[in-house]
Amino acid sequence: MGSPKKGARAGRAGAVPYLFLAPAMALFALFMALPIGYTIYLSLRRTKVSGLGLGKGARTEVFAGLANYAAAAGDGELWAGWLRVLAYGALVLVLMLGLALVFALMLDAAHVRLARLTRISIFLPYAVPGVAATLMWGFLYLPSLSPFGEHPFLSTDLVTFSMANVAVWGGTGFNMLVLYTNLRAVPREYYEAARIDGASELGIALRIKIPILVPSIILTTVFSVIATVQVFTEPTTLRPLTNTISSTWSPLMKVYRDAFVTGDLYSAAATSMVIAGISLVLSFGFLRVVKNHAFGEG
């Protein structure tokens, strides 16, 4: 039998990992789990108005069940916002990730000049705050200020493309850096062997580099999908500059309007949970489809 002292030491050693995890777990509970729990609570409540709704006690909070979720599911404005976000996301994902891949491959080529300067130049827009970047582009879009001539960049037909341009300009550098960092971790001997066998730089990129980058491409795609679903900064910042962007242009804008303009926190909470659920379905659904390429799973 082991001595009590050895058992006590083993117990203390087993508790050490939990002590290191405790600060992170406390922060997660305080700033993630608690707000999510409170949002779920609000989504199941509603305001009951008695009489004319005047005086103390005329408005009370009561249990609503799934009524707020049913209202969100049948809200035409919400689903119209989703259609706009899907069109916006299709543009952003294809252009941003495509450019990020091309830039990463170019910077990792055997002979490239001014690689460090080019890398910094491509990444630099990501360091610009989203509101500042959107305002800058917004003023460039205005016909009275634009150096591009009197083109209706913020018209109904072009406003989605204009917002997608802001997101691509700001996000390409970050995704490029993720892909480029993974390429730099690949042993150079692989490429040298391919060159000895007569492979061109294009052949090396297509047959060696891109297959190696598939897990990183999938990871950046998942993060980009989540960011696209939550688009809020670009349409909200551009809205004062044009009348083509409604207060419910995106799902998150509708949540903001319901919560802080109309004052319906309960409906906003239910809508936000619906958005979170759709984000999870899209992200995990995408991972489910491509996990064989990403992680070698069937």
[X] [atom1] to [Y] [atom2] distance, which is reported to the nearest 0.5 Å:
X: Ser216; Y: Ile210; atom1: OG; atom2: CD1; answer: 12.5 Å
X: Met273; Y: Leu44; atom1: CE; atom2: CG; answer: 9.5 Å
X: Leu183; Y: Ile208; atom1: CG; atom2: CD1; answer: 11.5 Å
X: Glu189; Y: Ile196; atom1: CD; atom2: CD1; answer: 10.5 Å
X: Arg116; Y: Leu107; atom1: CZ; atom2: CG; answer: 12.5 Å
X: Thr160; Y: Asn165; atom1: OG1; atom2: CG; answer: 12.5 Å

Determine whether [X] and [Y] fall in the same hydrophobic cluster, where Ile, Leu, Val, Met, Phe, Trp and Tyr are linked whenever their side-chain heavy atoms lie under 4.5 Å apart.
X: Leu238; Y: Leu140; result: yes
X: Phe153; Y: Val159; result: yes
X: Met106; Y: Ile204; result: no
X: Val225; Y: Leu219; result: no
X: Leu86; Y: Leu95; result: no

Problem - Sidechain N-carboxylate O distance under 4.0 Å for Arg119, Asp108 - result: no
Return yes if some donor-acceptor pair links the side-chain N/O of [X] with the main-chain N/O of [Y] below 3.5 Å, else return no.
X: Ser146; Y: Pro143; value: no
X: Asn182; Y: Val178; value: yes
X: Thr236; Y: Thr233; value: no

Handout entry: Working for side-chain contact (heavy atoms from CB on, under 4.5 Å), residues Glu234 and Tyr88
Key = CA-CA 11 Å; Glu234 290 86 354; Tyr88 165 86; 4.0 Å; yes
Which heavy-atom pair separates [X] from [Y] by the least distance, and what is that distance?
X: Trp169; Y: Val128; value: CH2-CG2, 4.2 Å
X: Met96; Y: Ser224; value: CE-OG, 3.4 Å
X: Ala269; Y: Thr39; value: CB-O, 3.5 Å
X: Leu142; Y: Leu154; value: CD2-CD1, 4.3 Å
X: Ile245; Y: Trp249; value: CG2-CB, 3.8 Å
X: Ser162; Y: Tyr141; value: O-OH, 2.8 Å

Handout entry: side-chain contact (heavy atoms from CB on, under 4.5 Å) evaluation trace for Val62 with Arg46
Key = CA-CA 6 Å; Val62 298; Arg46 67 178 178 85; 3.7 Å; yes
Practice task
With side-chain hydrogen bond (donor to acceptor under 3.5 Å, both in side chains) as the test, would you mind laying out the steps for Ser43 and Tyr69 before giving the verdict?
Solution key: CA-CA 8 Å; Ser43 70; Tyr69 289 94; 2.6 Å; yes
Exercise for the section: Establish, from distance only, whether the side-chain atoms of Tyr191 and Glu201 form a donor-acceptor pair under 3.5 Å. Expected result: no
Which pairs of donor and acceptor atoms, one on a side chain in residues 253-260, lie under 3.5 Å apart (sequence neighbours left out)?
from	atom 1	to	atom 2	distance (Å)
Lys254	NZ	Asp75	OD2	2.9
Lys254	NZ	Asp258	OD2	2.7
Arg257	NH1	Glu77	OE1	3.4
Arg257	NH2	Glu77	OE1	3.3

Sub-4.5 Å side-chain heavy-atom contact between [X] and [Y]:
X: Leu101; Y: Ile217; result: yes
X: Val261; Y: Ser247; result: no
X: Phe123; Y: Thr172; result: no
X: Ile278; Y: Trp82; result: yes

Exercise for the section: Begin with the C-alpha distance, continue with both residues' side-chain angles, and end with the deciding distance and a verdict on side-chain contact (heavy atoms from CB on, under 4.5 Å) for Leu252 and Ile275. Expected result: CA-CA 8 Å; Leu252 275 189; Ile275 294 171; 4.1 Å; yes
Give a yes or no on this: more than 12 heavy atoms of other residues, nucleotides or ligands lie within 6.0 Å of atom [atom1] of [X].
X: Phe232; atom1: CZ; value: yes
X: Arg188; atom1: CZ; value: yes
X: Phe20; atom1: CZ; value: no
X: Met136; atom1: CE; value: yes

